[in-house]
Amino acid sequence: MRGLVLCLLAWTTLASADVNVSAPRPNIVLFMIDDLGFFDSQAHNPESASPTIGRLREEGILLQRHYVYMYCSPTRRSFLTGRFPTSINPWQAGPCDDFVPRNMTWISQKLAKAGYVSHFVGKGHLGYATTDHLPINRNYSSHVGYLGGAEQYYQSTKNSHDFWHDDHPGTDVINQVYYSTNYYSRVAESIVRAHDVTKPLFLDLRYQAVHGPYDEPPLWEQVANTSKNTYRCGPTYTEQDLQSMLAVADSGIANVTRALEDKGMWNNTLVVFTADNGGGMGGTQPSNNFPLRGTKGEPWEGGIRAAAFVSGGFVPPPHRNTSSEVFMHVADWYPTLCNLAGVDPTDNVTLRGKVRPIDGRDVWPSLMAGPTASPAALGRKWLPVTNQSIIFNSTYKLITGAPSTHWSTRQCSWIQDQWPVVEHNTRNSSMSGVWEYMVCNDAQPCLFDLLADPMEQHNLAHTMPGLVAKMQAAMRGPGRCFPYYTADKLPGSAIPLLTPEEHKLFKCLSPAAARKQWWGGYMGPCCRRRSELAEEEE
């Protein structure tokens, strides 16, 4: 009788929250690997030191056209909000940037309406203008990890004061972070083992690996330094460096999935595995995007087409060990997961005087259509993938700014493109769409048929001037640098530019002052609620 009452109470709670109670509500686990190259893992390379990733890929659906931004922070915000980086803004978030405004509803907040218990583990890089921007205040039940874009792996001995635990700096846990990949895996595994299986779980696990600094794991966890692993990836590092770092993440993923199996949760778990961008920033870092052109920080396919798949017991058996050619974006996970949870994904917010809906589309029906689903199954006419590139009808890609780059071989050696330089600049600034040696620009853009030429070897711009003009007009409609709609900073200040209403709620300091006055020398939000500060003064 008690069980019946609890079930009725749970149903009433969901129904009152406007939730479709007939939705499957799978457990959801995100494995996001930082700076993972297209060919680095067994998502595409069977010889990689990542057998768990290979097994999960074989048990799921390989996403051959899964697009992300060309560097970290915009991709991460896109997953949380269901919006293209070109909509929010394409910049790398600083510690106090307001790049996910408070009135946007995070995916964790949507899932909470369906009774999900959510946990955030690992790298953030979201921008934390206020304490309201912390995951713990966005319906994550727990949060541990760093706020910035890069951090030491051996935090216990190389503490650079960027680590957060729930609502405070992570001084209580920092000494446990001997090698961060292992630490995040342990935390994630403990979350699963302690989870109440009567409630659906959302585990948002964002590994630091395999981002720089390239701190190899403890010696006993490194892969063998075989002749294959001595292949050099770029000017400094070898395959052994990166594969050792990846192997530790792979082992952690194995432990998390084993915990899900032990808890009897695996059969109703959906795993989303993705990189946040391509590997090997500008060719100076170790990674392999074979057979794609380019690297992280570049609008070529090697920078934006991520190694990705879905897996888990929730994937129907007929769809396992298959692949999908559907052109999709990381923003699509927002409505996809909402619909699987039975929650309305609509999130219309007003920013800069206009209503801003989500950009994502539910990809699940297209994935369930199987390998024969059209690449254009989501029905998008335009997919703006970076500030400098846009895809038309899931076929043609126009690039209006890109550097000279290379293709990688399976052994990670480089083949330089040797394309003629059409613009020379004094420096590289990928966030501004400027590189020292550019082979595509506004005056001489590049056009590719991605279905016929996925390696971007044949520039069609001179043979299809009408299509080029049409695509350039589409970019300039939203804008050459798509006018983003999130706030910037006060002129000449590091203090976040909040709305007048928000400034009534929050007291703001500069990042340096906030570190010193509020967070004990640690990185943290720049604005705190005035009511909270008043309570502390009493």
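For reference, positions follow the sequence shown, starting with 1. The structure displayed is predicted, hence computed values, not measured ones.
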Parallel, tilted or perpendicular: rings of Phe84 and His329 (30°, 60°): perpendicular
Here the gap from Thr274 atom OG1 to Ile33 atom CD1, rounded to the nearest 0.5 Å, amounts to 9.5 Å
Can a donor-acceptor pair be found, under 3.5 Å and without considering hydrogens, that links the side chain of Asp250 to the backbone of Ile53? yes
Donor-acceptor under 3.5 Å (Arg320 side chain, Val315 main chain): yes
State whether the SG distance for the cysteine pair Cys526/Cys96 is less than 2.5 Å. yes
Is there a donor-acceptor pair under 3.5 Å between the side chain of Ser50 and the backbone N or O of Gln42? yes
Exam field: side chain Lys110 to backbone Thr346, donor-acceptor pair closer than 3.5 Å: yes
Less than 4.5 Å apart, side chain to side chain, heavy atoms only: is that true for Ser78 and Ile88? no
Output, in order, the C-alpha distance, side-chain angles, deciding distance and verdict of side chain to side chain contact (heavy atoms under 4.5 Å, CB included) for Asn387 and Trp91. CA-CA 10 Å; Asn387 266 18; Trp91 316 133; 4.2 Å; yes
Between Ser404 and Gln416, a side-chain donor and acceptor under 3.5 Å: no
Looking only at heavy atoms, which two atoms of Pro299 and Pro403 are closest? And how far apart? CD-CD, 4.2 Å
Are the side chain of Gln243 and the backbone of Asp40 linked by a donor-acceptor contact shorter than 3.5 Å? yes
Thr130 backbone acceptor or donor facing His133 side chain under 3.5 Å: yes
Main chain of Arg77, side chain of Thr81: is a donor-acceptor contact present, judged purely on distance under 3.5 Å? yes
Note: His66 and Ala308 closest approach over all heavy atoms is CG-CB, 3.6 Å
Taking atom CZ of Arg206 and atom OG1 of Thr75, what is their separation to the nearest 0.5 Å? 10.0 Å
List the steps and the verdict of side chain to side chain contact (heavy atoms under 4.5 Å, CB included) for Ser287 and Val210. CA-CA 9 Å; Ser287 197; Val210 291; 5.9 Å; no
Drop me the distance from Asp162's CG to Glu151's CD, to the nearest 0.5 angstrom. 5.0 Å
Atom of Leu126, atom of Phe99 and distance for their closest heavy-atom approach: O-CB, 4.1 Å
Does the side chain of Pro345 reach to within under 4.5 Å of the side chain of Ile358, using non-hydrogen atoms? yes
Report the relative orientation of the aromatic rings in Trp106 and Tyr140; use parallel for angles under 30°, tilted for 30 to 60°, perpendicular for over 60°. perpendicular
If you define the side chain from C-beta out and look only at heavy atoms, does anything of Pro74 sit under 4.5 Å from Gln92? yes
For Leu337 versus Leu111, what's the shortest heavy-atom pair and its separation? O-CD2, 4.0 Å
State, yes or no, whether a side-chain contact exists between Leu467 and Phe392 at a heavy-atom distance under 4.5 Å. yes
Would Thr105 and Tyr334 count as a side chain to side chain contact (heavy atoms under 4.5 Å, CB included) here? Give the steps. CA-CA 10 Å; Thr105 308; Tyr334 187 98; 3.8 Å; yes
Salt bridge (Lys or Arg N to Asp or Glu O under 4.0 Å) contacts in which one or both residues fall within residues 411-428, not counting sequence neighbours: Arg293-Asp417
Should the ring pair Phe38 and His44 be called parallel, tilted or perpendicular, given that the plane angle runs from 0 to 90° and is split at 30 and 60? parallel
Once the angle between the rings of Trp300 and Phe448 is folded into 0 to 90°, is it parallel (under 30°), tilted (30 to 60°) or perpendicular (over 60°)? perpendicular
Main-chain N/O of Cys446 paired to Asn459 side chain as donor or acceptor, under 3.5 Å: no
Residue pair Pro375 / Ser394: nearest heavy atoms and the distance that separates them: O-OG, 3.5 Å
For Asp34, the option from His211, Gln208, Lys123 that meets side chain to side chain donor-acceptor pair (under 3.5 Å): Lys123
If we ignore hydrogens and angles and just use 3.5 Å, is the side chain of Asp442 paired with the main-chain N or O of Gly401 as donor and acceptor? no
Asn289 and Gly37 have their tightest heavy-atom pair at OD1-CA, 3.1 Å
Residue pair Met328, Leu378: steps toward the side chain to side chain contact (heavy atoms under 4.5 Å, CB included) verdict: CA-CA 8 Å; Met328 65 173 295; Leu378 293 185; 4.1 Å; yes
Asp449-His458 side chain donor-acceptor pair, cut-off 3.5 Å: no
Taking the six-membered ring for Trp, are Phe202 and Tyr116 ring centroids under 6.0 Å apart? no
In Å, rounded to the nearest 0.5 Å, how long is the span from CG of Leu447 to OG1 of Thr400? 12.0 Å
Would you check if Pro454 and Glu301 make a side-chain contact, meaning some heavy-atom pair closer than 4.5 Å? no
Answer whether the closest heavy-atom distance between the side chains of Ser108 and Asp204 falls below 4.5 Å. no
Salt bridge (Lys or Arg N to Asp or Glu O under 4.0 Å): pairs with one or both residues in residues 321-343, sequence neighbours excluded: Arg65-Glu325, Asp332-Arg380
Regarding Asn393 and Thr395, is there a side-chain donor-to-acceptor distance under 3.5 Å anywhere? no
Mutual orientation of the aromatic rings belonging to Phe309 and Phe273 [parallel < 30°, tilted 30-60°, perpendicular > 60°]: parallel
Are Met281 and Asp35 packed together at the side-chain level, in the sense that at least one heavy-atom pair is separated by less than 4.5 angstrom? no
Between Tyr437 and Val439, is there a side-chain heavy-atom distance shorter than 4.5 Å? no
When rounded to the nearest 0.5 Å, the distance separating CZ of Arg138 from CG of Asp132 is 6.5 Å
Value for OG1 (Thr52) from CD1 (Ile253), rounded to nearest 0.5 Å, stands at 7.0 Å
Check: His125 main-chain N/O paired with Arg76 side-chain donor or acceptor under 3.5 Å: no
Any Lys/Arg nitrogen of Asp347 or Arg83 sitting under 4.0 Å from an Asp/Glu carboxylate oxygen of the other? yes
When you check the gap from the basic side-chain N to the acidic O, do Glu47 and Arg410 get nearer than 4.0 Å? no
